[in-house]
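Notes to accompany the following structure.
Only a predicted model underlies this, so the values are computations on that prediction, with no experimental measurement involved.
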Amino acid sequence: MGNRGMEDLIPLVNRLQDALNSVGQSCSLYLPQIAVVGGQSAGKSSVLENFVGRDFLPRGSGIVTRRPLILQLLSANTEYGEFFHCKGKKFTDFEEIRKEIEAETRRLTGSNKGISPVPINLRIYSPHVLNLTLVDLPGITKVPVGDQPADIEYQIRDMIMQFICKENCLILAVTPANTDLANSDALKLAKDVDPQGQRTIGVITKLDLMDEGTDARNILENRLLPLRRGYIGVVNRSQKDIDGKKDIKAALLAEKKFFLSHPAYKHMAESMGTPYLQRILNQQLTNHIRDTLPAFRTHLQGQLQDLNKEAEKCKQFSPDDPGQRTKTLLQSVQHLAVDFEKLIEGSGDRVDTVNLSGGARINRIFHERFPNELVKIELDERKLRREINYAIRNIHGVRTGLFTPDMAFEAIVKKQISRLKGPCIQFVDTVSQELISTVYQCINKLSSFPKLQHETERIVTTEIREQESKCKDQIVLLIDIQLAYINTKHEDFIGFTNAQQMYNQSNKKTAAGMAGNHGAAPPSRLVVIRKGWLTISNIGIMKGGAKEYWFILSAESLSWFKDDEEKEKKYMLPLDNLKLRDVEKGFMSSKFSFAIFNTELRNVYKDYKCLELACYSQEELDSWKASLLQAGVYPEKVTVDRQGNRAPENFTDPQLERQVETIRNLVDSYMSIIYKTMKDLMPKTIMHHMINSVKEFISSELLAQLYALGECSVLMDESPEQQQHREEVLRKHAALKEALAVIAKFSTSTCTTPLPPPVDSSWIRPSSPTLPRNSGTSGKPAVRGHAPSVPRVHAYTPSPSTDGLQPNRAPPSVPRRHPPAIPKVK
């Protein structure tokens, strides 16, 4: 015996699912769950079995359902069951399904009436069902027995709430006819989550067990204690019938006979019984399908529109046509050249808003990382002065020099210039690596043709390496040119006279500024160099802890504000005598930090000797360092000798000290010219020898080299994945068309029944579970207040194939609400 009331919709739903499942698409009609809620032994399991048409649920007295059973009904050609905890095993005997449910319940809850919120997930495949989810929940109880906890009532109510609060859950509130309906726990819980009664159906069981002379006519006619959707009476099998193996078909015949023969119910027999309840549920499913179809149709139409262009290309492509292969090769190389140029030069379409890429990363290397590397290679003060001292004394030999020797200046300058080779070569390597990454990013689009991708990658990478070698030779040549002639007549060079005057000046601050400024003109005081968020990370917790501020860096100061509106200024720090140094990244920190300190050991902020500032990425860190460098805040110079002392070189000869200071100033002035020249020429050299050359090569010579291989037809062999993808696109395109045609038939094959008008359901009082009495000294019962309000959740709309929850997981839709602590019984 199957659920005949649902079978009218089965062919249409199956056709839609078959059309979509053939291409791995899900039929997202999101059919609702049906939760059966009621007290112990109210007949919930019997009602549930009637939907399936099979006898498969555990039976007995007291609490039998001790774990939620999520039952997924799936339409199939054969009839069998599967458990999530027994994947791969098919149960064709429904008696075995019953035994497995009992065994799985005992495995988690024991055999002494314990309960668990972890659901059992069961799928039943049958040709007589429609895809939907049924939930059998533990019966509501008030008195704990066996291993049940003292707050059993609260736990079961909380467990039930996890399911019935979902907007797509239809609630069957089951109440025995031989109990007081006004005190029905099932109706109280339904009222909590469905105050309008739009998804609650009252089910009255055990009508055949009412006392003689009494009946439930007024209730079933919805006149007494009304519900919006009314009540449906059913007569289930008794325990004697179940023990006697009375099948469901015979039970349904007996139920029909009962309603037709009973004087109080025979006038409404057509609207009573399990078959009528099935028809009501069938109508709810029909309504739901019709409500869901417009959005589902729009979704499929959007997918079809997205596929149209690709499907058309797949139809036109013929892998065995030589002309088609040649055309595709030509188009692929052209697209590669365009994509590479867009990534290097930048473009307005498909802009990456998450990470820097292509030309932007190379630009950052040009103007942020390379200037920082030049600053890092400067000799420390102690070592520089020592080398100048030795150079002067070695040039004079046994004689005592009266004048500052220009040969010492030239020797020191040439040594400094030679040290530029390492960072400059490393600079080329870094740009080359970024260039190769950019090329790979473009070549990955050729993955449909593995051989073409491999050969293109090999040819372009070889070209980049060749241009990299030429670029390195050119840069070495540029440095050798600088070494060939020291131009002391350069307009920016201070000369010997000015260098000696600088030594005679008493303002050491001016001298230090000239030594560190590399000859660059100071920026305007009014110019804002950089703005951005930074975190001051070294402020103690007692003083507010690390906090993020909006920083503004100008030529004269570093200021920070409460936020980027720049209204509430927190502090302004002058840049005089400031240096910066790196700060090691903490073990648990995800930020990148640097520190600012005063070279005269003064406090930079309140009572802090240094200010540790942190940002979120290495790119931001490099950018801030470059901006501070532009403002004249340079990295710390470490001057440590073998013994770890940082004291400057002491000169016993005042004349030698004067000569050393003069040459030091000359070296700094000349090297600032070299730094400016290299910072200008390096990006130009790389752009000419590498980036522009590679771009031109891809545009004009790559295709010729691919043709020169003599294997053009082999290059265009598709990968198996691409062949499969093309076939899948065509199948999906056809399936979407078929699904849309099937959906069109839904509109003419189903009809909708309106929702009944609202009724006054104020007679249902709010649920208020209580705890056992406390035997403490107070003598008062420990009463738990009203049940917690229903959690606010979004409508849960599971797919038919995934309505069930993951095995051994509590339902995820509603957060678990922990009950208050239980008073200890002394």
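- Counting heavy atoms from C-beta outward, Val428 and Val431 have side chains that stay 4.5 Å or more apart.
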Might you work through the side chain to side chain contact (heavy atoms under 4.5 Å, CB included) test for Tyr634 and Leu628, ending with a clear yes or no? CA-CA 7 Å; Tyr634 298 99; Leu628 287 166; over 6 Å; no

Using salt bridge (charged side-chain N to carboxylate O under 4.0 Å, His left out), reason through Asp582 and Lys625 one step at a time and then give a plain yes or no. CA-CA 10 Å; Asp582 293 330; Lys625 285 183 178 180; 2.4 Å; yes

Could you give me the CA-CA distance, side-chain angles and deciding distance for Gln453 and Glu457, then say whether side chain to side chain donor-acceptor pair (under 3.5 Å) is met? CA-CA 6 Å; Gln453 181 184 16; Glu457 184 178 309; 5.0 Å; no

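- In this structure, Leu706 CG and Thr456 OG1 are separated by 4.5 Å, a value rounded to the nearest 0.5 Å.
- Between the side chain of Ser693 and the backbone N or O of His689, at least one donor-acceptor pair lies under 3.5 Å.
- Under the 3.5 Å distance criterion, with hydrogens and angles disregarded, no donor-acceptor pair is assigned to the side chains of Thr430 and Arg369.
- When side chains are defined from C-beta on, Leu573 counts as touching Val604, because their heavy atoms get closer than 4.5 Å.
- Closest non-hydrogen pair, Leu435 versus Ile344, comes out as CD1-CD1, 4.0 Å.
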Go through Leu553 and Lys531 one step at a time and tell me if the side chain to side chain contact (heavy atoms under 4.5 Å, CB included) criterion holds. CA-CA 6 Å; Leu553 174 65; Lys531 296 182 179 183; over 6 Å; no

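- The minimum heavy-atom distance linking Ser432 with Ile464 is given by the pair OG-CG2, 3.8 Å.
- Checking each of Glu619, Glu620, Glu434 against Arg364 for a salt bridge (Lys or Arg N to Asp or Glu O under 4.0 Å) leaves exactly one that passes, namely Glu619.
- Across Tyr571, Trp560, Trp533, Phe561, a single residue satisfies ring pair (Phe, Tyr, Trp, His ring centres under 6.0 Å) together with Phe551, and that is Trp560.
- Side-chain contact check for Thr677 versus Leu478: every heavy-atom pair is 4.5 Å or farther apart.
- Nearest approach of Leu709 to Glu455, heavy atoms of both residues: CD1-OE1, 3.6 Å.
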Side chain to side chain contact (heavy atoms under 4.5 Å, CB included) between Cys442 and His335, worked out: CA-CA 9 Å; Cys442 299; His335 290 159; over 6 Å; no

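- Using a 4.5 Å heavy-atom cutoff, the side chains of Lys695 and Ile691 are not in contact.
- The distance from the CE atom of Met682 to the CE atom of Met687 is 13.5 Å, given to the nearest 0.5 Å.
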Working for salt bridge (charged side-chain N to carboxylate O under 4.0 Å, His left out), residues Glu466 and Lys470: CA-CA 6 Å; Glu466 291 178 359; Lys470 292 180 182 179; 5.8 Å; no

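- Side chain to side chain, Gln305 and Gln301 fail the donor-acceptor criterion of an N or O pair below 3.5 Å.
- A heavy-atom distance below 4.5 Å is found between the side chains of Leu558 and Leu575.
- The closest side-chain donor-acceptor pair between Gln433 and Asp429, if any, does not fall under 3.5 angstrom.
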Apply the test salt bridge (charged side-chain N to carboxylate O under 4.0 Å, His left out) to residues Asp480 and Lys421: give CA-CA distance (whole Å), side-chain angles for both, the deciding distance (0.1 Å), then the verdict. CA-CA 10 Å; Asp480 290 341; Lys421 288 185 179 180; 3.4 Å; yes

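- Lys591 and Ser537 form no side-chain donor-acceptor contact under 3.5 Å, judged by distance and modelled atom types alone.
- Minimum heavy-atom separation, Pro574 to Leu578: O-CD1, 3.2 Å.
- Interatomic distance, CG of Leu736 versus CG of Asn308, reported as 9.5 Å (0.5 Å rounding).
- Side-chain contact check for Phe597 versus Leu611: every heavy-atom pair is 4.5 Å or farther apart.
- Heavy atoms from other residues, nucleotides or ligands lying under 6.0 Å from NZ of Lys570 number more than 12.
- Here His367 contributes atom NE2 and Lys679 contributes atom NZ; the two are 11.0 Å apart, rounded to the nearest 0.5 Å.
- With values rounded to the nearest 0.5 angstrom, Asn444 atom CG is found 11.5 Å from Asp339 atom CG.
- Note: Phe370 CZ to Ile365 CD1 = 11.5 Å, rounded to the nearest 0.5 Å.
- Proximity of Ile674 to Gln482: side-chain heavy atoms (C-beta onward) are separated by under 4.5 Å at one or more points.
- Between Phe493 and Tyr670, the two ring planes are perpendicular [angle over 60°; tilted spans 30° to 60°].
- Residues that satisfy the salt bridge (Lys or Arg N to Asp or Glu O under 4.0 Å) test with Glu468, not counting sequence neighbours, are Arg465, Lys472.
- Side-chain atoms of Ser554 never come within 3.5 Å of backbone atoms of Val528 as a donor-acceptor pair (strictly under, hydrogens ignored).
- Heavy-atom minimum distance, Phe409 versus Ile486: CE2-CG2, 3.9 Å.
- Side chain of Asp680 to backbone of Lys676: no donor-acceptor contact under 3.5 angstrom is found.
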Go through the steps to decide whether Ile686 and Ile362 satisfy the test side chain to side chain contact (heavy atoms under 4.5 Å, CB included), and finish with yes or no. CA-CA 10 Å; Ile686 290 177; Ile362 294 175; 5.8 Å; no

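- Closest of all the heavy-atom pairs between Pro683 and Met678 is CD-O, 4.2 Å.
- The closest donor-acceptor contact from the side chain of Ser672 to the backbone of Ser669 lies under 3.5 Å.
- Looking only at side-chain heavy atoms (C-beta outward), Leu666 and Asp668 stay at 4.5 Å or farther from each other.
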